[in-house]
Amino acid sequence: QVRLVESGGGLVQAGGSLRLSCAASGGIFSNYAMGWFRRAPGKEREFVAAIKWSGSRTDYAESVKGRFTISRDNAKSTVYLQMNSLKSEDTAVYYCAAKATVLLPTALSGFDSWGQGTQVTVSS
C-alpha cells in the first residue's frame, strides 16, 4: 500500500476556491488510480472524484461536476483537487485514496490506501 498525505484544506467563503493536494510515497504512483472522498458532519464518507493511473479518464460525483477538477502529476507523485464555486454543503473532511489498478474505481471499497484527511470549511 502507498502512504498518502493530504494538504490544502482550510476556511473559505462561499463562492471561493481551494486546491487540495495529496502526496503519495512508498509505491509506484503511476500504477495507482487516485480518488477523493469526503465526509460531512453526521454523514457517511462519499465519493467526490477519481482519476485513472494515466490521467486519461476522470469521474465526478454529480454534486461537484463543473465545479471541481481532479488532476495528477505522476512525476511529483501528487494528485490534486481544484475546488471552485464552493458551497456550504461542501464543508467536510476530504480524504485522498489510492488503488493499484488499471480501472477507475469510484466506490469506497474500490480503494485500499487512505490519507488522514484535511478539513474544508465553507462559510456562507
Side-chain angles (χ1 to χ4, degrees):
Q1 291 185 345
V2 66
R3 181 171 178 263
L4 305 172
V5 179
E6 301 98 334
S7 61
L11 174 63
V12 63
Q13 288 190 333
S17 299
L18 277 177
R19 188 176 83 153
L20 305 183
S21 299
C22 172
S25 61
I28 301 175
F29 185 70
S30 57
N31 286 349
Y32 289 83
M34 301 298 296
W36 287 98
F37 290 75
R38 66 187 181 186
R39 184 172 63 202
K43 296 187 177 181
E44 300 204 349
R45 196 175 298 194
E46 64 175 5
F47 170 74
V48 175
I51 187 166
K52 208 171 176 181
W53 66 273
S54 60
S56 60
R57 261 188 72 196
T58 58
D59 200 358
Y60 296 92
E62 285 296 326
S63 59
V64 307
K65 275 184 181 177
R67 299 188 299 122
F68 290 11
T69 302
I70 188 171
S71 62
R72 65 190 296 157
D73 186 337
N74 285 351
K76 295 183 178 180
S77 297
T78 301
V79 63
Y80 305 97
L81 186 68
Q82 178 67 44
M83 305 185 295
N84 299 329
S85 303
L86 282 161
K87 307 174 181 180
S88 57
E89 51 263 44
D90 295 318
T91 294
V93 177
Y94 283 72
Y95 298 90
C96 177
K99 172 69 176 179
T101 178
V102 297
L103 303 176
L104 183 60
T106 59
L108 267 76
S109 58
F111 294 88
D112 56 13
S113 295
W114 294 86
Q116 82 290 349
T118 185
Q119 176 70 47
V120 171
T121 302
V122 183
S123 63
S124 55

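Heavy atoms only: backbone and side chains are in, while hydrogens, waters and symmetry mates are out. What you see is a predicted model; the values in this text were computed from it and never measured.
The distance from the CZ atom of Arg45 to the CZ atom of Arg38 is 13.5 Å, given to the nearest 0.5 Å. Going from atom NZ of Lys52 over to atom CG of Asp59 covers 12.0 Å, rounded to the nearest 0.5 Å. The CG atom of Asn74 lies 12.0 Å from the NZ atom of Lys76; values are rounded to the nearest 0.5 Å. Note that CE of Met34 and CD1 of Ile70 are 7.5 Å apart. Values are rounded to the nearest 0.5 Å. One finds the OG atom of Ser113 at 6.0 Å from the CG atom of Leu4 (value rounded to the nearest 0.5 Å).
Closest non-hydrogen pair, Val2 versus Ala24, comes out as CG2-CB, 3.8 Å. Between Ser21 and Thr78, the closest heavy-atom pair is CB-CG2, 4.3 Å. Considering all non-hydrogen atoms of both residues, Arg67 and Ser85 come closest at NH1-O, 3.0 Å. Taking every heavy atom of both residues into account, Tyr32 and Ile28 meet most closely at CD1-O, 3.1 Å. The shortest non-hydrogen separation linking Ser124 to Ser88 is CB-CB, 4.3 Å. Leu11 and Ser123 get closest at one heavy-atom pair: CD1-CB, 4.3 Å.
Without hydrogens or angle criteria, Arg72 side chain to Gly55 main chain gives no donor-acceptor distance under 3.5 Å. At distances below 3.5 Å, not a single donor-acceptor pair connects side-chain atoms of Thr101 with backbone N or O atoms of Lys99. Under a 3.5 Å cut-off, the side chain of Glu6 and the backbone N or O of Cys96 do form a donor-acceptor pair.
The ring pair (Phe, Tyr, Trp, His ring centres under 6.0 Å) test applied to Phe68 returns no partner, not counting sequence neighbours.
Under a hydrophobic-cluster definition in which Ile, Leu, Val, Met, Phe, Trp and Tyr are linked whenever side-chain heavy atoms come within less than 4.5 Å, directly or via other members, Leu104 and Leu108 are assigned to different clusters. Under the 4.5 Å side-chain heavy-atom criterion for ILVMFWY residues, a single connected hydrophobic cluster contains both Leu18 and Trp36. Residues Leu86 and Val48 fall within the same hydrophobic cluster, defined by Ile, Leu, Val, Met, Phe, Trp and Tyr side chains chained together at heavy-atom separations under 4.5 Å. In the hydrophobic cluster analysis, where Ile, Leu, Val, Met, Phe, Trp and Tyr join through side-chain heavy atoms closer than 4.5 angstrom, Phe37 is grouped apart from Val120. Residues Trp53 and Phe29 fall into different hydrophobic clusters, defined by Ile, Leu, Val, Met, Phe, Trp and Tyr side chains chained together at heavy-atom separations under 4.5 Å.
Evaluation of the disulfide bond (SG atoms under 2.5 Å apart) test over residues 28-92, restricted to residues two or more places apart or in two chains, returns none. Screening residues 73-99 for ring-ring contact (aromatic ring centres under 6.0 Å, His included), with sequence neighbours left out, gives no hits.
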Checking side chain to side chain contact (heavy atoms under 4.5 Å, CB included) for the pair Val122/Met83: CA distance, chi angles, key distance, verdict? CA-CA 11 Å; Val122 183; Met83 305 185 295; over 6 Å; no
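The neighbour count for Gln116 CD, taken as heavy atoms of other residues, nucleotides or ligands under 6.0 Å away, is above 12.
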